[in-house]
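Order of listing sets the numbers, starting from 1, for every ligand and every atom in it.
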Amino acid sequence: MPRLLGLRVQNYKSLVDVSLGQIGYGQGTPLPSLSCFIGPNGSGKSTLLDAFGFMADCLREGVEAACDKPQRGGFSKLRSQGRTDPIRFQLYYRESPVSRPITYSFAVDEPAGTPVVVEESLLQRRKGKKHGRPYPFLRLVRGEGRVWAGAATEDEEGATSLEVRLDDFGRLGITTLGNLKEHPRIVGLRAYIESWYLSYFLPDAARSLPQAGAQKHLNRTGENLGNVVQYLERTHPDRFRRVLDRIARKIPGIQTISHEKSQDGRLLLRFNERGYEDPFYQQSMSDGTLKMFMYLLLLEDPEPFPLIGIEEPENGLYHKLLEELARELKQHGEEGQDRTQLFITTHSPYFVDALKPEQVWLMEKDQEGSTQIRRTADSQIVRAMIEEGIPLGSLWYSNHFEERFSG
Ligand SMILES: Nc1ncnc2c1ncn2[C@@H]1O[C@H](COP(=O)(O)OP(=O)(O)OP(=O)(O)O)[C@@H](O)[C@H]1O
Ligand SMILES: [Mg+2]
C-alpha cells in the first residue's frame, strides 16, 4: 500500500507555506500512521484536510472544477490573500514499504481568468542509488514536456523519453498518463490519490435506506453504509461476522448487529439493543451510534483506503465512546507500515490524551495570519512532561501546553 511520507502546501488559503513530515531525502521525519491536528478556530485544520480533497478533485475533475466546488468558491478565494505565486502542492511518498520514494508536485495559477496547471513533475532516485538528488520522470510546464516510461529517470544512461503535449491545461498530466500501462508509477499515483477518503459523515444520510446492492467502499457522507455492509457480508462472510460482533461489543447497549433485505429490496441494518425484544433499524439509531459504527467499519475494511481524513470525530460522541474510538485509532496507528494513514482534526482533549506527541500537530496562525504547524514531539518540555506521566490532552487543555510549547 502506498504511504505518504510528507507534504508541503504553499499559497492555499491560510497555508502560505506549510510542511509536514518528510518532504525529501533527509528532510524531516516521515509521517506516522496517525496524525492528529489541534489548534484554535481558524488555525487551518479544515483547510489542511481540504488540501487533500482539492488535490484529489484536481485529479478527478480538473483544476477549474476543483476550485469551483461550492465549499471553495473559485481560485481567487483559494490563493492566500495578498500572494501572487501559484498554489503549490508537493507530496513525498512511497509506492510500497520497499520502493524508492517519489516526489510529486504541481502548481495551479490563473494567468488569464481560468485556473490551469502551470507546472507538474515527478522525481525519483535511480534504481540502486541510495543517495544524491532525485531526477525527473515527468516534467511538464503548461502542459508540455517529457515523460520517462517504465522505471527510468532522466539521469539514467540510455533512458528514452517521450514528448508530452496536453491539449487541456486544466487537467493534470497524471490524469491522462495514469491511464497508460507503460507508466506504471503514474498509474499507481493516480490510483493512490483517487482512493483518498475524506469523511464528511452525516448521520441522516446513513439513516436513509439504500436500494440493496453491494458496494465496496463507503462514500463521503455514509449514505451507502448498508450497501457496504452487504458487500462485506458477501465477499468476506467470516470476517463480516467477527467485525459486527466486535463493533457490537464496542458500542454500549448494543448486543448484536445484522442486516436484512426489506420486501421492496432495500437494505436494513438491524441493531439489537439491551432491554428490548425487537430490533431497531438504522433509521431509529442515534447519531453517535451510527457514527461509531461507521468509523469502526472503516477501520475494519478488508480492502482499506490508503489514506483517510476525518474532521472532528468527537462531535456527537459521548466521552467514553470517544476514548474507545481514540484507543482503536491509536492501536491502528501502531500496527506497522502497511496500514491506512489517518489524518484527523480535533478539539477534544479526551481524544488527544490517548495519543503520543509524535502523532499530534499544533496549528496556529502567526502575526501575518499564516498557519504555522509544529509537531508536539518537537518540544522538549512537552516530551519531559509526558515522561512524568501527564497525558498530552491534559497538557493542552490546561493552556500550559501552548505557552510552554511556544516558548
Ligand atoms: N485566501 C485566503 N488567504 C488566507 N487565509 C484564508 C483564505 N481563505 C480563508 N482563510 C483563512 O483560513 C482560516 C482557516 O480556517 P479553517 O477552517 O481551516 O480553520 P480550522 O482550524 O478548521 O478552525 P475550526 O476549529 O473553527 O474548525 C480562516 O481563519 C480564514 O480566515
Ligand atoms: Mg475546521
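For the pair Ser76 and ligand 1, the shortest N or O to N or O distance does not fall below 3.5 Å. For Gly44, a nitrogen or oxygen atom sits less than 3.5 Å from a nitrogen or oxygen atom of ligand 1, counting backbone and side chain alike. For ligand 1, one of its N or O atoms has an N or O atom of Gln81 under 3.5 Å away. In terms of polar-atom proximity, Gly42 is counted as a contact of ligand 1, with an N or O under 3.5 Å from an N or O of the ligand.
Ligand-side atoms of ligand 1 in range of Ser14: 4 (C), 5 (N), 6 (C), 12 (O), 13 (C), 14 (C), range being under 4.0 angstrom from any heavy atom.
Look at Lys320 and Glu323 and you find no salt bridge, because none of the NZ, NE, NH1 or NH2 atoms lies under 4.0 Å from a carboxylate O. A salt bridge does not link Asp85 to Arg79: none of the charged side-chain nitrogens sits closer than 4.0 Å to a carboxylate oxygen.
Contact between Pro40 and ligand 1 is present, with at least one heavy atom of the residue lying under 4.0 Å from the ligand. Residue contacts with ligand 1: Gly369 is excluded, as none of its non-hydrogen atoms falls under 4.0 Å. Ligand 1 is approached by Ser43 to a heavy-atom distance shorter than 4.0 Å. Taking 4.0 Å as the cut-off, Met363 does not count as a neighbour of ligand 1 on heavy-atom distance. The closest approach between any non-hydrogen atom of Glu311 and ligand 1 is not below 4.0 Å. The shortest heavy-atom distance from Arg83 to ligand 1 is not under 4.0 Å.
Aromatic ring centroids of Phe89 and Phe54 lie under 6.0 Å apart.
Nearest protein heavy-atom neighbour of atom 9 (C) of ligand 1: Lys13 CE, 3.7 Å. What sits closest to atom 18 (O) of ligand 1 on the protein, heavy atoms only, is Thr47 OG1, 2.5 Å.
The Mg ion (ligand 2) has no N, O or S atom of Thr47 inside 2.8 Å of it.
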